[in-house]
Amino acid sequence: IAKKENIQITDDAVEIIAISSRGGFRDAISLLDQAANSGQSPLDATSIRDLLGHGDPRIIQAIITAVENMDTPGVLNNLDQAWETGVQPGQLARQLIDAWSLKV
């Protein structure tokens, strides 16, 4: 669809859209449409994460590591950093759940 509509988008950005749509084709098209109408081009992973309110994967991993190490200040510091970068709480929770699900 992106090629047909002449939307310049990286493979990483397409992957984030696919994961975020949770298997829903119409949801993926809707997210692609939102991204295309954002005015950014080319669309890359960072721009898609920002558009969707996702956290930087490094912050997500830092939170997971801090939790695993029972490092409460580390968890709180990383959560604070996530909020400062504009991460949506629901998206952060979803990313953490997805990351822990992959570890099991």
Side-chain angles (χ1 to χ4, degrees):
I1 292 172
K3 285 181 183 177
K4 187 168 184 115
E5 296 295 325
N6 294 320
I7 299 169
Q8 293 185 353
I9 186 167
T10 65
D11 290 343
D12 290 345
V14 170
E15 183 177 349
I16 293 169
I17 289 173
I19 291 168
S20 296
S21 68
R22 302 214 174 270
F25 185 68
R26 282 187 258 179
D27 290 342
I29 292 171
S30 177
L31 292 174
L32 178 62
D33 187 46
Q34 288 176 31
N37 289 320
S38 71
Q40 296 182 345
S41 184
L43 296 167
D44 60 11
T46 301
S47 63
I48 297 298
R49 273 196 298 271
D50 290 347
L51 176 73
L52 299 176
H54 284 201
D56 183 315
R58 293 172 296 202
I59 293 174
I60 302 302
Q61 187 55 52
I63 292 169
I64 290 170
T65 300
V67 168
E68 290 172 344
N69 293 328
M70 294 185 266
D71 175 11
T72 303
V75 172
L76 295 174
N77 288 334
N78 284 297
L79 286 172
D80 188 48
Q81 185 177 359
W83 302 151
E84 287 178 9
T85 61
V87 174
Q88 299 297 314
Q91 289 293 346
L92 177 63
R94 192 168 295 137
Q95 284 180 276
L96 288 168
I97 290 167
D98 289 346
W100 270 306
S101 296
L102 294 175
K103 287 187 156 208
V104 175

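Everything numeric here is computed off the predicted structure, so don't read it as measured data.
Around CG of Asp80, the count of heavy atoms belonging to other residues, nucleotides or ligands within 6.0 Å exceeds 12. Around the CD atom of Glu15, the shell of radius 6.0 Å holds no more than 12 heavy atoms that belong to other residues, nucleotides or ligands.
Here the CG-CD distance, from Leu32 to Glu5, works out to 8.5 Å after rounding to the nearest 0.5 Å. To the nearest 0.5 Å, atom CG of residue Asp71 and atom CD1 of residue Ile63 are 12.0 Å apart. Rounded to the nearest 0.5 Å, atoms OG (Ser20) and CD (Gln91) are 6.0 Å apart. The distance from atom CG of Leu52 to atom CD1 of Ile16, rounded to the nearest 0.5 Å, is 8.0 Å.
Side-chain contact between Asn78 and Gln81 is present, with heavy atoms from C-beta onward closer than 4.5 Å. For the pair Ile60/Leu92, a side-chain contact is recorded, criterion being any heavy-atom separation below 4.5 Å from C-beta on. Looking at heavy atoms from C-beta onward, Arg49 lies in side-chain contact with Pro57 at the 4.5 angstrom threshold. Proximity of Ile17 to Leu43: side-chain heavy atoms (C-beta onward) are nowhere separated by under 4.5 Å. Annotation: side chain of Asp56 is not in contact with side chain of Thr85 (no heavy-atom distance under 4.5 Å). You'll find the side chain of Leu96 stays beyond 4.5 Å of the side chain of Val67, heavy atoms only.
In this structure, Leu51 and Ala35 approach most closely via the heavy-atom pair CD2-CA, 3.4 Å. Heavy atoms only, all atoms of each residue included: Gly55 and Gln95 are closest at N-OE1, 2.6 Å. Closest of all the heavy-atom pairs between Thr10 and Ala45 is OG1-N, 3.9 Å. When all heavy atoms are compared, the tightest approach of Ala28 to Ser21 is N-CB, 3.5 Å. Of all non-hydrogen atoms in Ala13 and Ile48, the two that sit nearest each other are CB-CG1, 3.5 Å.
If you check the side chains of Ser47 and Asp50, you find no donor sitting under 3.5 Å from an acceptor.
Hydrophobic clustering (ILVMFWY, side-chain heavy atoms < 4.5 Å, transitive): Val14 and Ile19 are in distinct clusters.
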(request) Take Gln61 and Thr65 through the side chain to side chain donor-acceptor pair (under 3.5 Å) test and state the conclusion after the steps. (result) CA-CA 6 Å; Gln61 187 55 52; Thr65 300; 3.2 Å; yes
